[in-house]
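To start, the structure itself, in structure tokens.
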Amino acid sequence: MPLDGIRNAAATAIADALENAFGHRPEEVVLEVPPRRELGDLAWPGALPLARVLRQSPRKIAEAVAGGASWPAEVLRVEIAGPGFLNLFLERPTILRRVYAGRRDSSGTGEKVIVEHTNINPNKAAHIGHLRNAVLGDILVRCLRRLGHAVEVQNYIDDTGVQVADVVVGLLFLPEDEIAAALGMDGGSRRALLDAVAGRIPAVGVPAASTGDFDDLCWEIYPRVTARYETDEPFAARRAEVLHAVEGGTGGLGLDEALERLGRAAAAGEPYPPEAVARLAASVADGNVRCHLATMARLGVAYDVLPHESDILHLGFWQRAFELLRDSGAIRLESEGKNAGCWVMSLAGSPEFADMEDPDKILVRSNGTVTYTGKDIAYQLWKFGLLTDPDGGRHDFGYRPYARWTQDAPAAEVRYGGGDRTLVRTTSDPSDRVEGLQFGGGSTVYNVIDVRQSYPQKVVREAVRVLGHPEAADRSIHFAYEMVALTPAAVRAIEEATGASFGLDEAAMAKAYVEMSGRRGIGVKADEFLDTLEARAAGAIRERSDSGTVPDLESRARGIAVGALRYLMARQSRNRVLAFDFDEALAFEGDTGPYLQYSAVRAAKIFDKLRERRGEGEPAPDELERLAGTAIPDDLWELVLQCARTGEIVRQAVANLEFSLLAQHAHELAQLFHKLYHGHPVLREEDPDLRLLRRAVFSLFVTEIRDILETLLGIPVPEEM
RNA sequence: CCGCCUGUAGCUCAGCUGGAUAGAGCAACGGACUUCUAAUCCGUAGGUCAGAGGUUCGAGUCCUCUCAGGCGGGCCA
């Protein structure tokens with residue numbers, strides 16, 4: 001990056017000057033961009049803290065540096081301001097030419113980085129909280145790739161948990177009329193209802209996303225089940241029964257045959273055959289996964305591999321992790337006390353857990369079953385390639401292709417059903433291999449999980465550490481973010497629209513926000529919200545169009561909807577609850593995604609018209625030599641300077657896992673451009689040098705904003721708005 | 001009880017290695033479209049940065065305490 005080059009050169013010059021004048025060389029010299037352009041283009045505030053060390057007044061130090069440094073040629077002059085700031089003024093045309101010529105920065109180690117995100121329970125439709133996870137995870141992936149890393153994206157599928165079992169309990173044991181109601185049918189036998197349900201399960205490929213999908217059906221059924229658990233004890237007992245059947249496996253049974261057996265059992269009033277129940281559960285989970293992939297595809301989010309919990313279980317990942325933990329002495333079997341009979345890991349040795357009342361974490365229950373955290377430890381070890389067999393080989397999954405996909409542009413929707421990219425799922429047969437593809441074994445692992453999982457995530461990291469892998473523990477990064485909740489106004493809006501009541505009391509509705517709950521059916525479904533956004537966007541496009549028919553209305557509306565949504569998720573800092581409000585989320589004006597998109601569209605339009613009417617396009621880099629010696633006004637220059645800072649912002653955003661910085665940077669660029677747009681016409685400007693300057697600055701902006709929006713934030717830039 | 005997070009304009013939020021005059025958007029009011037698209041721009045108004053101490057040349061930012069709100073600390077997932 002050209003700006004970085006000058007920064008480094010100036011920093012060295014300052015360090016040298018300090019050494020010459022005072023015999024003191026500071027460890028690092030940081031140059032910042034001052035808040036206002038009249039103060040200069042770069043500033044060194046370091047004289048102030050040095051005053052004490054050198055026992056000199058800050059201004060004296062700054063003066064000595066200003067006079068004694070051999071500044072790089074691009075530094076036009078230096079000034080000392082305020083208490084002792086050293087401000088540098090750069091030769092603007094030279095910098096502009098360099099920024100313009102040398103875009104794109106791909107430094108990095110090239111090490112494999114694993115990012116796990118999305119991870120939606122496959123028992124119901126995705127809601128807007130899942131979108132925050134997926135969008136943040138996806139932006140992290142995009143930024144890591146920009147920094148030169150090879151990134152593997154994993155979407156973990158918890159296909160054997162109780163939540164899937166709950167839906168199966170509903171399908172098999174809820175009264176027929178309730179299931180019929182969810183299906184929109186008048187009634188029918190259990191057999192007929194199960195057939196109708198099965199008819200809606202996508203079994204292959206990824207369906208087109210809609211709000212009447214299989215996952216939406218599960219969204220209806222799941223809360224009915226959890227509600228009934230409260231009041232109907234025999235019904236509640238079915239949960240353990242179904243879970244047990246799921247653990248027993250499907251025995252290779254197909255879905256049709258399973259439905260046949262389930263139907264026969266229902267008709268005869270006999271118990272359901274366990275392997276048929278397990279088959280139904282597997283199909284329910286898989287059907288939901290396919291629906292979730294469809295939802296995320298709309299946003300341009302894709303994955304490399306889908307690790308399945310069932311495969312972790314069947315392949316004995318935990319058994320192997322257990323042996324490693326036991327052999328290293330990291331865990332012990334408690335013989336007495338409240339944890340008698342459990343295998344526990346002591347966290348007492350770690351300072352992070354030092355003042356805990358009970359620093360022992362149970363990994364294996366007294367009944368011999370493993371906890372969720374235990375499975376997570378095994379999975380985390382596998383991600384680093386540290387889950388090894390006694391012979392030293394890696395304990396691994398089997399793999400098979402799950403779907404093909406393609407993406408036409410960096411922020412375009414993901415299209416399944418063909419294309420050159422393969423999405424792979426794990427299998428329980430380690431001899432299954434997908435040629436040319438290997439998974440796991442990353443050097444750094446990011447787990448994108450909401451902040452409430454901080455404690456178990458710490459435990460997992462600690463387990464990696466006590467197994468003798470402190471470097472992997474340090475590279476186990478929990479990307480924690482706060483949840484999405486609903487404003488009371490949003491809750492009322494949903495209740496009004498659906499005619500349902502969530503039964504929230506006054507106290508709950510008086511709070512700042514209401515937590516979403518799949519169990520209670522409280523939430524805004526992702527696909528539904530995207531549909532609403534698209535409809536609103538289409539309406540806005542039509543309103544602004546003077547002709548009756550709008551070409552590409554659908555794709556333009558889709559782009560605006562995705563832009564609004566992704567920016568909404570990205571602009572808020574991660575450790576604040578996002579209180580979802582319809583009015584705010586559906587806004588297309590002000591600090592929104594469409595504002596950013598509009599700046600890109602508007603700027604690109606300048607060059608369309610320019611080509612059309614003057615035969616001029618974006619200037620060639622050597623054309624800018626003509627600008628040598630031109631005075632570049634502060635406002636245009638500000639845009640150049642900010643464009644040059646993108647690389648710095650990306651590094652900062654990744655280091656802090658704070659992508660609101662990047663969103664804010666994009667907003668600042670768009671804002672600078674929109675302000676300039678009115679006062680700096682290009683097409684009508686007759687002075688060729690001034691026109692060239694504006695062309696250069698706006699061309700820089702077009703490239704930069706497009707790159708930030710599409711490649712980094714995943715926000716598409718439509719042709720027109 | 002312990003730990004983590006949050007508290008900035010009427011509302012929603014930026015302010016990220018302590019730095020120069022605390023910024024946006026929404027809402028309110030007043031302006032700018034025969035112009036490269038007004039999803040824009042310009043202006044007015046709006047602040048004890050929760051409170052109190054401290055460190056520092058300098059604190060919204062760091063430290064201590066207090067207050068208020070949220071989330072964790074399961075042999076649940």
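Reminder, nothing fancy here: chain letters follow the sequence lines and each chain counts from 1. This one's a predicted model, so the numbers in the text were calculated from it and none came from an experiment.
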Value in whole Å for how far the P atom of B:A14 lies from CG of A:L662: 15 Å
Quick test: give all pairs of protein nitrogen or oxygen and nucleotides 29-35 of chain B nitrogen or oxygen below 3.5 Å, distance rounded to 0.1 Å.
from: B:U35; atom 1: O2; to: A:R684; atom 2: NH2; distance (Å): 3.1

Aromatic ring of A:Y595 stacked on base six-ring of B:A39, 5.5 Å, 30°: no
Touch class at under 4.0 angstrom, heavy-atom based, for A:A43 against every strand present: base
A:R571 CZ - B:C26 P separation (whole Å): 11 Å
Test: A:R602 cationic atom under 6.0 Å from A:Y677 six-membered ring centre, within 45° of axis: yes
Nearest-Å distance for atom pair CD/P, residues A:E658 and B:U6: 10 Å
Euclidean distance, atom CD1 of residue A:I362 to atom P of B:C75 [Å, nearest integer]: 4 Å
Side chain of A:Y598 - closest among B:C71, B:U40, B:C41: B:U40
Pairwise 5' ranking along RNA chain B for A:L31 and A:R239, keeping only the more 5' one: A:L31
Sugar-phosphate only, base, or nothing, as touched by A:F698 at under 4.0 Å among non-hydrogen atoms: nothing
Sugar-phosphate, base or nothing in reach of A:Q453, heavy atoms under 4.0 Å: base
Sugar-phosphate only, base, or nothing, as touched by A:Q572 at under 4.0 Å among non-hydrogen atoms: sugar-phosphate
Interatomic distance, A:H674 NE2 vs B:G25 P [rounded to whole Å]: 11 Å
Inter-nucleotide C1' distance (B:G46, B:U6), Å rounded: 24 Å
Rounded distance in Å - CD (A:Q671) to C1' (B:G15): 14 Å
Sugar-phosphate, base or nothing in reach of A:H665, heavy atoms under 4.0 Å: nothing
Close approaches to RNA chain B from residues 575-586 of chain A, in residue order (heavy atom, under 4.0 Å): A:N575, A:R576, A:V577, A:E584
Residues which pass side-chain hydrogen bond (donor to acceptor under 3.5 Å, both in side chains) with A:R574, listed by chain and number, not counting sequence neighbours: none
Minimum-distance nucleotide (side-chain atoms of A:P49 versus B:A24, B:C57, B:A77): B:C57
Sugar-phosphate, base or nothing in reach of A:N87, heavy atoms under 4.0 Å: base
Any side-chain heavy-atom pair of A:L661 and A:N656 under 4.5 Å: yes
Touch class at under 4.0 angstrom, heavy-atom based, for A:S454 against every strand present: nothing
Touch class at under 4.0 angstrom, heavy-atom based, for A:V162 against every strand present: sugar-phosphate
Side-chain N,O (A:R602) to OP1/OP2 (B:A38) below 4.0 Å: yes
Between C1' of B:G15 and CG of A:L661, the distance in whole Å: 10 Å
Sugar-phosphate only, base, or nothing, as touched by A:Q597 at under 4.0 Å among non-hydrogen atoms: nothing
Whether A:Y595 and A:H667 hold their rings parallel, tilted or perpendicular, with breakpoints at 30° and 60°: tilted
Touch class at under 4.0 angstrom, heavy-atom based, for A:I541 against every strand present: base
Nearest-nucleotide comparison on RNA chain B, the residue closer to the 5′ end among A:T369 and A:F85: A:F85
Aromatic ring pairing A:F479/A:F659, orientation class (parallel under 30°, perpendicular over 60°, tilted between): tilted
Touch class at under 4.0 angstrom, heavy-atom based, for A:P58 against every strand present: nothing
Separation of the C1' atoms in B:U34 and B:A39, to the nearest angstrom: 22 Å
Between B:G72 (P) and A:E515 (CD): distance, integer Å: 7 Å
4.5 Å side-chain heavy-atom contact, A:K458 and A:H478: no
Sugar-phosphate, base or nothing in reach of A:E32, heavy atoms under 4.0 Å: sugar-phosphate
Sugar-phosphate, base or nothing in reach of A:G82, heavy atoms under 4.0 Å: nothing
